[in-house]
Amino acid sequence: MAGDEINNGFGECGYFEAKKSKLEEQFAAASDPFRKSNLFQGISIFVNGLTDPSANELKQIMMVHGGTFHHYERSHTKFIIASNLPDVKVRNMNTSKIISAQYIVDCVENKRVLDYKPYLLYTNQKTTQPRLVFGKGKNTSRANETMAVSMSETAPEPPPVENDLGKILKVLQLAAVAATSPKKETADKTVADVSTLSHSVRTAVDPAFLGEFYKNSRLHHIATLGAGFKQYVCELRQAHGNQPFPKRNELRSVLSGKQEMNADSAHYVMHIDMDCFFVSVGLRSHPEWRGLPIAVTHSKGGSAATDVPVHPQSDRQAERALFADRFEHQLHDNFRADKVRTGFEKKMSLSEIASCSYEARAKGIRNGMFVGQALKLCPELKTIPYDFEGYKEVAFALYDTVAQYTLNIEAVSCDEMFVELTDLVADLQVDVMTFVAHLREEVRSKTGCPCSAGVGSNKLLARMATKKAKPNGQFLLAPGIDVLAYMAPTPLEELPGVGSSMRHKLAQAGLRNCGDVQGTSREKLESLLGKKLALTLQQHSLGIDTRPLVYEQQRKSVSAEVNYGIRFSNASECETFLRQLSAEVKTRLTDIKRKAKSVTLKVMVRAAEAPIEASKFMGHGVCDTLNKSAMLQHPTDDVNIITSNVLKLMKEFDLPPHELRGIGIHLSRLSDVNEVKKENVLLQMFEKMSEKRKIETTAVEVQEEPQPELEQAEQQQQVDLEPQQPLDMSSEWKNSTNTSIKNTAVDPEVLAQLPEDIRQEVLDNMEEHLQPKHSEQRGRKRRKPKNAVRRSLPFPSAPAPLSKVSANKPSNRAQHLRHELSKRYRGGGQTDEIVMDYIDKVSNHVHPAIFEYISRPEVEVSQNLQGAAAAPRPQPPATLQNYLLGSNYKTMLADWVSNQRYPNHTDIITMNEKLAELVKGRYSSRIYDIMKHLCRLIKHKHEDVCEWHMAFRFIEDTVQHHMMEFEGYQMMLAESISCVMCEPM
DNA sequence: ATCCTCCCCTAC
DNA sequence: TAAGGTAGGGGAGGAT
């Protein structure tokens, strides 16, 4: 799957890039399908200055042959490749590992690792002719020979290094081959398609699309790296505990003596941010381009960016007009409007600029601008490609550098964070900006990239300071200054949270800078923006920021979204993609070890007036966006449940697949996997057993004549577990009951077409889901007996729901039952006499045996009451999922009661639901047994817990309520709980 | 009042 | 050609 490619190193094992062992590194290498050999395994190089081959070419060579390319020199960098270094530079370097680039070339040519000494630039041994010598022992040379043989491109094979590793590598390489082969199978379509087959992946219909897209998406990388570093800070903090920071001592001795301390007790928050991050990382290997206007983008620039093929069904003029209209009249986004206005010329590249250098910015180029537009502003703009690995590498170096001094870090993104400095500078006894300068220099030397930092008394002011500091500088918003006066001239859009939309809205009201807002009444702001936004805006305009630094951030949602390359021609292509995306989002969910209770599907649909094809290649064009969500009954991380809900939501949108331009799946209301486990013990037991049972019963037959309630619950479960089955409309409404789409309305038109009794059932179900989840109400809720239920009951009409008053009229009920009995068992003789006599006597509570007796079909009526009670009920439908009916219900109850100190709310609800099903199914004697057993378990619980007593009474109460509704009588129960502590009055 | 859904906005 | 994601905060308006 796409999983590997999407994984940025923040998988469940955490930041493997940073910590991973050698072995893991080799694993990763072996699974790379582009790998030609492992020639340079364990060898790392750093390229200093101009070389031939160039740094980029050397990087390619190293990657393809299993080596490591360092973008900056590290202590463990094995070789430094250079051609000529200035004396000044060399003087302070360890020259024993500076070699010529020719070494790499010769190694590849000879297909073995050569002795590097002849290639040293700064020793006596320097020669131009490499000696063909193996530097190491016999074993190695043998290995090298084998390697040389195995380096043929058609049959790449790992060197037989350490035996185990060799085997593992081999397996992994085989796996990599296997993983790529299905791609080729899709080629079976037509022979005429051959021309397109050779092309790269285009639309989301291609099974490899998702992986390709995420591999190349800058926004995806920005987002996942950001999330990754938030988690990284958490991990570092947890791993660190209360240990000291040794680096502080080192710094203290370096800076000691020359510092006069800040005597004030000011609060210091630092905001640190890399300067035009992507560009800086890209320039590490091309220092000769520093000072030029540079942009990072997918477009290769030059003529490729000014003569772009145009799709016949696209219409740039029309699309531009539409976009411009939206941006100018609805969204007021000047930048985007401008981008469309001047960037949409025919044949100009619509590739976006992810990051541009300050020299490019000076010409008016901005991040996010189209390349075509940027080239008009600056024809000599140089474009460089993305280096996602490099961004991660540098980001780790940045975070690790800061983390040496403190872990009071709030990660904002991969290149930006807030750091609480108050305690740190007090501990170091240094001036705050001295520390910042030292830190920035360390970051620069470790990453090879410049950064800027601002310091203020809160996050807002620190950020403002950074704006002043950029590029490559630092700035302190001194604690003593008049903050109000300082903020007043600041344009509002410089405040965090104020974007183009809000800027425009405020400008309409005559508010442009912080000073304007400072003097505006709260009422006016609130009417403009709403309560909360008004408050924060006003506070920010005064330089006040109450937001604390959040060091350990908890994720609240997970999502996966693709608004590029979505072009389906039919529903099945769409469904296939939805399944892939569901799997993707499920992986992300399990990666963070959480479960979700809400699923939201987001779609982008081509706007009615928009051209069929977007101007931007595979772009979404002008679209309308729609969201729809479904609440799950329980938190889940089951891919099948997620998928079935996603498919259902898509079906509800009822959109033509060919008009879709974007799809996203969001999971929210997350809970911890372990919390869920604790919280829902019973349900987990049920589900576990139903899984097991599913495997055991191979063929699950669908009942021709669905039994009412239980049957529906069961069908729902099947949809959840088996979304592979196509969903037809007729099953959809039935399925929309217990588990899923509680909050989605049923189409009234569909509803109108249903037969009366079925419609009533649907309405009842909907009503049921709108009931509050609170246990009291749910358990005690009055339920109208349904037609369908009645049909299966022996009584022609079930008793109407009884109020408390009528329920307490035993003689009426006894008469009723007697009447039914006599009708049914005419001439039944002695037995029925006994039964009726019994009923008269007990009046209020009926023994389960009686229920058993009267609910048996006529043919089975036996002569003797005892036998009747013992007679087995007809087997429940094979699909019935109520495990309270299973033979091991006692074990399950015992597990529940004994493992939990206090009963869970959700477990009690589950229990009530399952017992209610039993009531409706008339499993009276089982109910009797369950209640008896449960009562005993609670009584004999090691520790007397009133919560359990109350739980039992509540369950008992609910059961009796249901009995009263469906049978007209309460059940005689064997035991009850009495406790002086919690007994109700 | 408080919750829910469906947005919109913002930031990187 | 091109890779227009992701997460969080919050408002409007309706349901309870």
Going by the rule side-chain contact (heavy atoms from CB on, under 4.5 Å), which residues pair with A:S452 if we only count those two or more places apart in sequence or in a different chain? A:D275, A:T466, A:A469, A:K470

Considering residues at least two apart in sequence or located in another chain, which fulfil the side-chain contact (heavy atoms from CB on, under 4.5 Å) criterion with A:I544? A:Q539, A:L542, A:T546

Using side-chain hydrogen bond (donor to acceptor under 3.5 Å, both in side chains) as the criterion, list what pairs up with [X], not counting sequence neighbours.
X: A:R341; answer: A:E328, A:D338
X: A:R522; answer: A:Q538
X: A:D545; answer: A:R547
X: A:E526; answer: none

Sorted by number, residues from residues 612-619 of chain A placing a heavy atom under 4.0 Å from DNA chain C are A:K616, A:F617, A:G619

If you look only at pairs with a residue in residues 600-618 of chain A, which of them pass as a side chain to side chain donor-acceptor pair (under 3.5 Å), with sequence neighbours excluded? A:E319-A:S615, A:E352-A:K616, A:E561-A:K602, A:R567-A:E613, A:R606-A:E659

In whole angstroms, how far is the P atom of C:dA2 from the CE atom of A:M348? 12 Å

In whole angstroms, the gap separating C1' of C:dG9 from CG of A:L535 amounts to 14 Å

Overall bend - the helix from B:dA1-C:dT16 to B:dC12-C:dG5, comparing terminal axes fitted on five pairs, nearest 10 degrees: 10°

Anything under 3.5 Å between a protein N or O and an N or O of nucleotides 10-14 of chain C, put it in a table, one pair a line.
residue: C:dG11; atom: OP1; partner: A:K532; partner atom: N; Å: 2.9
residue: C:dG11; atom: OP1; partner: A:L533; partner atom: N; Å: 3.0

Go through the structure and list residues passing ring-ring contact (aromatic ring centres under 6.0 Å, His included) with A:F213, not counting sequence neighbours. A:F209, A:Y564

Output yes if the stacking criterion (under 5.5 Å between centres, under 30° between planes) is met for A:H620 over the base of C:dG4, else no. yes

So ring pair (Phe, Tyr, Trp, His ring centres under 6.0 Å) across residues 302-324 of chain A, not counting sequence neighbours, yields A:F323-A:F327

